[in-house]
Structures are given as C-alpha cells and as structure tokens.
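Per chain, numbering begins at 1; letters A, B, ... match sequence-line order. Here the structure is a predicted model, which means the values were calculated and not measured.
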Amino acid sequence: MAKEFSKHFDKNQEKEIYQSWEQAGFFNPDNLPDQDKRKSSFVMMLPPPNITGSLHMGHALNATCQDILVRHKRMDGYLALWVPGMDHAGIATQNVVEKKLAKEGKNRHDLGREKFVKEIWEWKEEYGQIIPNQLKTLGASCDWTRQSFTMDENYQKAVSNAFLAYQKEGFIYQGERLINWCPRCQTALSDIELEHQEEDSFLWHIKYQAKSQKSKFKNNESGYIIVATTRPETMLGDTAVAVNPRDKRYKDLIGKTVVLPLVNREIPIVADEAVDMEFGTGAVKITPAHDPLDFEIGQRQKLDTIKVINEFGKIIAPKVYAGLKIDEAREKIVKDLDQLGLLVKKESHKHNVALCYRCNSKAESLISKQWFVKMKPLAEKAIEAVEKGEIQFAPVRFKKIFLDWMHNVKDWCISRQIWWGHQLPVFVKQEKVKSQNSKIKIKESFYYGDNPPKGYIQSTDVLDTWFSSALWPFAALGWTGDKNQDKKNKDLVNFYPTTSLFTAKDILYLWVARMIFSGYFFMDKKPFSKVYIHPTVLNKEGKRMSKSLGTGVDPMDLWEKYGADATRFGLALKSGLRQQVKFSEEDYVAGRNFVTKIWNATRFIDMNLNGKVKLLSVGEIKKLKLDKDQKETLSLLFATANNVKNNINTYRFDLAINELYEFFWHHFCDKTIEENKGKMKTGDIITLQFLTFVLTNSLKMLHPFMPFVTEAAFKELTIKIDGETQPLIISSWPKF
RNA sequence: GCGCGCGUGGCUCAAUGGUAGAGCGCUACAUUCACAUUGUAGAGGUUACAAGUUCAAGUCUUGUCGCGCGCACCA
C-alpha cells in the first residue's frame with residue numbers, strides 16, 4: 001500500500017529506527033544476509049569509555065567516525081563487527097565514588113574494602129550505561145550482544161592470566177624504585193599518568209658551608225658552595241651536592257664535604273656528568289629519595305637515600321618540620337635559612353610541575369616498593385612491526401611519535417594502591433628468619449597463581465587500569481588466557497586480529513602502544529592493522545574543552561537541538577587528518593538543514609511516482625535513453641561514489657560528507673530536479689526512473705553519515721516503489 | 001631545549017605544482033511551485049610575513065612571526 005510521506009522528519013523517529021536495526025540483529029555480523037558472499041570480516045573495537053563519564057565531543061567524534069566506517073563496510077559486503085564495552089577506570093571511578101561518599105560524610109575506610117568495592121559495583125549498575133545509551137542515541141551500530149566490561153568475570157580471568165604469563169616469562173618484578181605518587185589518590189602512578197603544567201616559582205640560592213673554618217676549601221676561601229633549587233623543602237633529605245666534573249669553578253671542591261643546613265648532616269660534594277653547568281649556580285643539591293634525576297645520580301654515586309616526605313605529602317623529619325605540608329615546609333625552611341643568613345638569592349623561575357592525571361594534585365617522587373613489567377623485550381616486537389608497516393598510522397606522523405616513545409620506553413609500574421580494580425594474582429608469605437649475624441629478618445616468599453598454599457596472603461595492590469585495557473582487542477572478544485577455553489572461542493578465530501582502531505591522540509602511549517605489544521605477546525599477532533587518530537575538538541576560542549572550566553560542549557545538547565544526523569554531519573565535517581579542529585555551531589545548523597533537504601527531496605520525488613516506477617539496476621539505467629544533462633548527472637553520481645568510498649577508506653570523512661552535500665544539494669536538488677521537474681510532473685517514465693535511481697543511490701551513500709533520515713526516507717520511498725524492501729543499513733554500497 | 005601540527009574572504013574549513021572554492025553570515029531579488037530549514041544573483045581574498053626553486057607556488061625549500069600540541073633529568 002502506498003503510504004503518504006509525513007511532512008517532516010525529526011528526531012522523534014530516530015529511536016524507533018534504531019530499535020528496528022537492533023531488533024533485526026544487523027549490528028551482529030552473524031545475522032547479516034549473504035554470509036557466503038561477504039568478503040571477509042571488518043572489525044573495530046570501541047575504545048571502552050570510562051564508566052564514570054558521559055559522552056563528550058571527543059567520544060562523539062570518535063564514535064561518529066567509527067560508525068561511518070563500519071556502516072560503509074557493512075554495506076560494502078564485509079562481515080562488519082563493532083565491539084562496544086566499558087572500562088572500569090580504576091582511579092577515576094574510585095575517586096568519583098569516594099566523592100559521593102564524602103557528600104554523605106563518609107570515606108572508604110569507614111566502609112572497608114569489601115563494602116567499598118560493592119558500593120562501586122552498585123554505582124556502576126546505576127551510571128555505567130549512560131555512555132552506551134548516548135552512543136545508541138547517536139546511531140552507533142555497535143553489536144551490543146558482544147558488549148563487555150573490563151571487570152567482567154571472564155575479563156578478570158584474562159587479566160590475571162595475562163599477569164601470570166608475563167611472570168612466567170620473567171617480565172614481572174617487584175622493586176624498590178623512585179615512582180610517582182599521588183598524595184590525594186594514595187597510589188603510585190606510571191610516568192605517563194602525569195600531566196605537566198608550567199608554574200611560576202622561584203629558584204632559591206642556598207649556601208651550604210664547610211664544617212669548620214679549618215676545613216675551609218682549598219682555593220676557595222669562602223668556605224661554602226651555593227646550590228640553586230626550586231624545591232628547598234627537599235633539602236632535608238639531601239645526601240650530596242653535585243657539580244659537573246668539567247666545571248672549573250668547583251674543580252677543587254669535589255670530594256670535600258659540606259654541612260647540610262638545618263639538619264647539620266655532613267654530605268659530600270660529588271662530580272656527575274648529569275649536572276648542567278649553565279643552570280643556576282652549577283651546583284645541585286641531591287635528594288635521591290625525592291627527585292628522579294637525583295635518584296639516578298644517587299645510584300651512580302652510591303649515595304644514601306633519606307626519605308623526608310611521606311605518602312600524604314607531609315614532612316617526616318626532623319621534628320621541627322615534621323607534619324608540615326610541602327608548601328608549609330617550604331615557606332618555613334626558606335624563612336629559617338634566611339634567618340641563618342644562608343639564603344643568598346631568590347629569583348623568579350618558571351618550571352614544570354607534575355600533576356596526577358586523575359585529580360590534578362601535585363604528584364611526588366617517592367621511593368616505594370612496586371611491581372613492574374620489563375618493557376624492553378615487549379617493545380622490540382612492537383617496534384619491528386610498526387617499522388615494517390604491519391601496523392599503520394593515520395595521520396602518518398604518529399608512526400614516528402609512537403616509535404620515539406617505544407624506543408625510549410621505561411619499565412611499566414603496574415601496581416596501584418587503590419581498591420577498585422584487578423587484584424594482583426600474587427600471594428606473599430612472610431617468615432622471620434635468623435640471618436648470619438643472628439639478627440631477625442623478614443623473609444618474603446611469593447606464590448603466583450590461583451590457589452596459594454597455606455600461609456600465603458594476596459597482595460592488596462590492584463593493577464594499573466591500562467593493564468586491562470591493553471588486552472582489549474582480544475579480551476573483549478572473550479579471550480581468557482586459558483588455552484582450552486580460548487580454543488573453543490569462535491570470535492577469536494573469526495574476528496582477531498581486528499582491522500582498525502580509532503582513538504584520540506592523548507592515549508597513544510597509555511593505551512595504543514600497550515595494546516600493540518600485548519597483542520603480539522599474548523596472541524602472537526597484531527591487534528589491528530590501522531590506527532586512526534582523530535582530531536581533538538577545541539572550543540570556538542581554540543582552547544581545550546574542559547568540563548570543570550565550563551568550556552565544553554555537550555554533544556547531547558547538539559542532539560537535543562538538531563538531532564542525531566545533524567550532530568553526526570557536523571562532527572564528520574570536522575574529522576579528517578587534522579590535529580585539532582574548532583567547534584562551530586554553524587556546522588550543526590547546516591546538518592539540520594541538510595536533513596530537511598534530504599527528506600523533502602525524497603518526498604517530492606515520491607509524490608510523483610504513482611506506483612509506476614521500479615528501482616533499476618546499474619545495467620538497466622545505463623540502457624535508458626537519457627538526455628545530455630541526465631547523463632552528466634549519472635557520471636557525476638558515479639564519480640562521487642568512487643570519491644566518497646576512497647575518502648572514507650583514507651579517513652577523510654570531512655571530504656566525503658562535503659562532496660555528498662555538494663552533489664546532493666547543489667547538483668541533484670538545485671539543478672537536476674529543477675531541470676526535470678516538468679517531465680517528472682507529466683509522468684515521464686524515463687525521467688522518473690532516472691530520478692529514483694540517483695536518489696536511492698544518494699541515500700545509500702549518505703547512509704553511513706546520516707543513517708536515520710536516509711533509512712526513513714528510503715523506507716517510505718521503497719514502499720511506494722516495490723512494497724517492502726531491505727532496509728538501507730544492509731543494502732549494498734553503490735558499484736558502477 | 002628538541003620535535004610535531006596549524007596560519008586561506010567576517011566565522012568554520014576545502015583546494016594531485018596549473019583560472020583560489022564551499023557552508024554560515026552579509027546585500028539584492030524571487031517564491032499559491034517538495035523544502036522560508038528555499039531558490040537565483042552578488043559583494044567580500046596581494047592564501048601570516050620574507051626570500052628561494054619553477055614556465056607556473058596556497059601547495060615545494062629556507063628563514064621570521066603567531067597559535068596549539070608532544071617529548072625532555074635544567075635541579
């Protein structure tokens with residue numbers, strides 16, 4: 001039955017359309033028609049959003065680009081699979097739930113670990129589906145039947161087995177190292193979990209004096225050396241002063257000692273190449289326990305380490321300063337030095353401070369016992385693969401960025417002192433034993449695995465959240481690390497390695513690099529062939545969007561105002577291979593207008609069909625006697641189809657949608673329909689067939705970008721032409 | 001300090017080395033016509049600046065300036 005086109009298309013129809021796709025099961029490649037004819041699988045893994053969040057512009061752009069590609073591949077005859085899921089986001093989630101507790105006047109220690117973790121699970125049940133639902137609203141054609149979560153039972157097994165596999169290979173070790181510590185989150189952080197921010201501060205010049213007048217330095221009657229520092233409070237833990245061995249000023253002082261002010265400890269002056277003669281006074285105070293470079297120098301020079309700052313960011317000793325926060329201690333120490341006449345100079349100085357990427361607190365360097373993964377052997381394979389081009393980056397410049405990092409990668413600190421996450425499958429037994437000099441020592445023995453012998457207690461640490469994300473391309477397909485179980489997993493056989501990975505550049509090291517070496521280590525195959533790094537969306541002032549600063553744009557607001565297709569249109573226009581793009585609302589207005597145009601053009605042609613027309617194949621349309629302009633339109637359609645396909649495959653979604661817009665609106669609507677209006681109204685069959693052909697193929701090409709309006713328009717149209725036909729989502733991409 | 005990206009009409013962006021384009025905005029006109037979420041026409045650009053390569057440069061090279069980003073042990 002011919003049904004009349006409704007006058008408008010608006011976003012109220014979107015939900016119904018989405019449900020019809022999902023219910024038909026088209027997001028699941030197993031349900032796609034023509035299984036035998038389909039070329040091969042095309043697989044993408046959605047970067048799992050944190051359960052804490054709601055969709056931001058970055059997610060929206062990322063998801064839109066992925067959906068364009070997946071929908072295109074599905075139409076182009078692939079077994080297309082897009083696997084969604086969520087990340088438990090260890091520290092971030094723990095922080096959010098702690099904040100919620102704080103509002104109720106509680107903290108996690110009041111609850112205890114077990115109850116607190118339960119609290120997080122409940123929180124996840126309540127808020128964890130926000131982003132998936134928002135993705136559905138935008139039309140993301142993910143296979144929700146394959147959705148997974150990094151804390152699912154299977155996934156936990158995978159993580160545990162992954163750790164054990166590294167351990168077996170000798171890649172895991174525990175060590176007392178200088179690590180990054182967040183005093184607020186109360187956990188260790190890896191080097192790449194820090195953000196650096198420039199801060200206006202001072203460079204204080206402090207006099208370190210020789211022990212007595214007698215021991216005045218030779219050739220240096222002054223009897224002191226001046227060090228320059230940005231962190232005077234760490235001087236309490238100084239165990240040396242270092243100078244460059246080539247520095248003539250201090251040549252005669254090497255090997256001498258000075259007395260550490262305020263503490264009155266005698267410390268040596270040592271020579272080390274790492275000291276920059278140009279900076280400050282050329283003499284550096286060395287605090288191996290609280291500074292990465294000092295730690296390194298301390299190792300080389302065999303210096304003691306004296307811990308003076310604790311896990312809460314407070315001074316430990318000496319008594320005068322004990323309990324003070326870092327800033328307070330700094331102020332007091334500077335004052336005390338000044339009173340002693342030891343503060344020589346204070347000059348303005350800009351320097352970088354390290355901040356925790358989850359809470360923005362200043363991170364401290366502390367010596368702490370943590371678990372590490374040896375990176376060298378893992379990196380080698382990843383480097384080789386990328387150099388050979390087995391994995392390719394778009395834009396290509398990221399290849400070099402990746403390789404530079406990989407070549408200089410340091411061991412990965414994987415233990416975190418939080419409660420939410422995958423507990424290490426490490427069990428410890430402590431025994432008191434007598435050592436040779438008959439002192440009582442504590443001997444630790446470890447058990448790695450699932451069923452520890454009696455007396456062993458599991459480590460309370462959890463793994464870095466990125467440890468589990470690193471396994472995503474296979475663990476989200478159900479890999480567990482248990483060979484018998486994995487053998488039976490068809491998804492691993494059919495869909496691993498995946499094809500493309502789309503992500504933002506800020507997690508290139510945190511996530512992408514780690515998936516690459518993990519893929520090779522656990523699966524002996526690359527996790528994906530192509531990595532597309534989409535642009536960063538800046539606000540219209542060209543600044544980073546920030547929720548806390550209120551400078552962000554909520555994609556769901558755009559959806560409210562303009563609908564999903566218009567939102568996707570605006571996002572697609574701002575994709576491509578650029579590093580950053582500026583948000584502009586006009587793009588979404590243009591998108592909304594385009595939705596209306598598509599709807600109205602279809603409705604107009606449909607109005608004139610009167611059930612007389614069949615959809616013609618390419619072969620048939622070519623045989624029609626078309627006029628010159630019609631022929632030109634046809635060849636422009638063919639050219640557009642080629643260009644759009646090429647542009648999609650090279651991640652130029654911006655060019656693709658732009659060309660479609662030009663073709664459909666300014667060529668097809670403004671010229672072709674106008675020129676053929678007369679003949680169409682008289683019911684000229686050839687003209688109607690021609691217009692219908694160009695229209696339906698345009699709708700097909702537009703579908704990956706604007707799936708809702710095209711699906712709805714196509715449905716109305718084909719009801720008129722052929723009765724019920726297949727939906728656009730599984731129609732085939734135009735081939736000419 | 002090293003590295004990367006960007007700089008094109010008022011705004012957001014296109015343009016295999018070959019006549020600089022689009023959208024939005026602006027101006028004028030049109031419209032009982034599928035669409036005022038429309039159409040037609042128009043104004044508006046020494047492509048940041050300078051030098052170089054070339055028959056030809058927005059595009060390639062070098063330098064300068066401006067914006068953004070990444071890396072780094074300047075305490």
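Place A:T596 and A:D404 on RNA chain B by their nearest nucleotides, and A:D404 ends up nearer the 5' end. Where A:V589 and A:K574 meet RNA chain B, the nucleotide closest to each residue was compared, and A:K574 sits on the side nearer the 5' end.
Nearest nucleotide to the A:T230 side chain, out of B:rA34, B:rG23, B:rA75: B:rA75. Listed nucleotides B:rA14, B:rC24, B:rA34 differ in distance to A:K597; the shortest reach to its side chain belongs to B:rA34. The side chain of A:F279 approaches B:rC74 more closely than any other nucleotide in the set B:rC74, B:rA34, B:rU12. In the set B:rA34, B:rC24, B:rC73, the nucleotide with an atom closest to the side chain of A:E586 is B:rC24. Among B:rG68, B:rC13, B:rC74, the nucleotide with an atom closest to any side-chain atom of A:Q579 is B:rG68.
B:rG66 and B:rU19 are spaced 34 Å apart, taking the P atom of each and rounding to whole Å. Of the P atoms belonging to B:rG68 and B:rC73, the separation is 24 Å, rounded to the nearest Å. Taking atom P in both B:rG45 and B:rA22, the straight-line distance is 15 Å, to the nearest Å. Across the P atoms, B:rG23 and B:rA41 are found 11 Å apart, a figure rounded to whole Å. A gap of 30 Å separates the C1' atoms of B:rU8 and B:rC2, to the nearest Å. Distance check on atom P: B:rA48 versus B:rA15 gives 15 Å, rounded to whole Å. Rounded to the nearest Å, the gap between the P atom of B:rU32 and that of B:rG7 is 45 Å. Between B:rG9 and B:rU47, the two C1' atoms lie 10 Å apart (nearest whole Å).
The pair A:R652-A:E659 does not count as a salt bridge, with every side-chain nitrogen at least 4.0 angstrom from each carboxylate oxygen. The pair A:K362-A:E199 counts as a salt bridge, with a side-chain nitrogen and a carboxylate oxygen less than 4.0 angstrom apart.
Contacts of A:N658 with the nucleic acid, taken as non-hydrogen atoms under 4.0 Å apart, are absent. Here A:W204 lies out of heavy-atom contact (under 4.0 Å) with every strand. Among the protein residues, A:F583 comes within range of no part of the nucleic acid, since none of its heavy atoms lies under 4.0 Å from any strand. Looking at heavy-atom distances under 4.0 Å, A:H196 makes no contact with the nucleic acid at all. Counting non-hydrogen atoms under 4.0 angstrom, A:V581 reaches the backbone sugars and phosphates but no base. Note on A:K681: only backbone sugar-phosphate atoms sit closer than 4.0 angstrom, heavy atoms only; bases stay farther off. Looking at heavy-atom distances under 4.0 Å, A:Y509 makes contact with sugar-phosphate atoms alone, never a base. Residue A:L655 is classed as a sugar-phosphate contact, given heavy-atom separations below 4.0 Å to backbone atoms only. Among the protein residues, A:D670 comes within range of the sugar-phosphate backbone only, with heavy atoms under 4.0 Å from sugar or phosphate atoms but none that close to a base. Note on A:H349: only backbone sugar-phosphate atoms sit closer than 4.0 angstrom, heavy atoms only; bases stay farther off. Counting any heavy atom pair closer than 4.0 Å across all strands shown, A:A590 reaches sugar-phosphate atoms only and no base atom.
Between the side chains of A:S190 and A:E193, at least one donor-acceptor pair of N or O atoms lies under 3.5 Å. Under 3.5 Å, the side chains of A:T672 and A:T633 contain a donor-acceptor pair of N or O atoms. Donor-acceptor pairing under 3.5 Å is recorded for the side chains of A:Y208 and A:D238. Residues A:D191 and A:N180 bring a donor and an acceptor atom of their side chains to less than 3.5 Å of each other. A donor-acceptor pair shorter than 3.5 Å can be found between the side chains of A:D587 and A:S584.
Between A:Y651 and A:F502, the gap from one ring centroid to the other is short of 6.0 Å. In this structure, A:Y661 has its ring center at least 6.0 angstrom away from the ring center of A:F705.
Taking a pair as Watson-Crick or G-U with both hydrogen-bonding distances under 3.5 Å, the stems of three or more pairs touching RNA chain B are B:1-7 with B:65-71, B:10-13 with B:21-24, B:26-30 with B:38-42, B:48-52 with B:60-64.
Look at NZ on A:K540: it is 22 Å from P on B:rG23, rounded to the nearest Å. When the C1' atom of B:rA34 is taken as reference, atom CG of A:L609 falls 13 Å away, rounded to whole Å. Rounded to whole angstrom, the span from the NZ atom of A:K582 across to the C1' atom of B:rG10 amounts to 13 Å. In this structure, the CE atom of A:M277 is 15 Å from the C1' atom of B:rA75, given to the nearest Å. One interatomic measurement links the two molecules: CZ of A:R592 to C1' of B:rU38, which rounds to 13 Å at whole-angstrom precision. Separating the CD atom of A:E662 from the P atom of B:rA15 is a distance of 14 Å, rounded to the nearest angstrom. When the P atom of B:rG68 is taken as reference, atom CZ of A:R544 falls 12 Å away, rounded to whole Å. The CG-C1' distance, from A:L403 to B:rG70, rounds to 15 Å in whole Å.
Within the cation-pi definition used here (under 6.0 Å to the ring centroid, within 45° of the axis), A:K346 qualifies as a partner of A:F202.
Phosphate proximity of B:rA14 to A:R578: present, with a side-chain N or O under 4.0 Å from OP1 or OP2. Between B:rG39 and A:W665, a contact under 4.0 Å exists linking OP1 or OP2 to a side-chain N or O. Within the 4.0 Å cut-off from OP1 or OP2 of B:rU38, at least one side-chain nitrogen or oxygen of A:N593 is found.
The base of B:rA34 sits within donor-acceptor range of the side chain of A:E674, with an N or O pair under 3.5 Å.
How far CH2 of A:W204 is from CD of A:E233: 7.5 Å, rounded to the nearest 0.5 Å. One finds the CD atom of A:Q689 at 10.5 Å from the CG atom of A:L609 (value rounded to the nearest 0.5 Å).
Taking a 4.0 Å limit (strictly below) on heavy-atom distances, residues 283-302 of chain A reaches RNA chain B at A:V284, A:L293.
A:E347 CD: more than 12 foreign heavy atoms inside a 6.0 Å radius.
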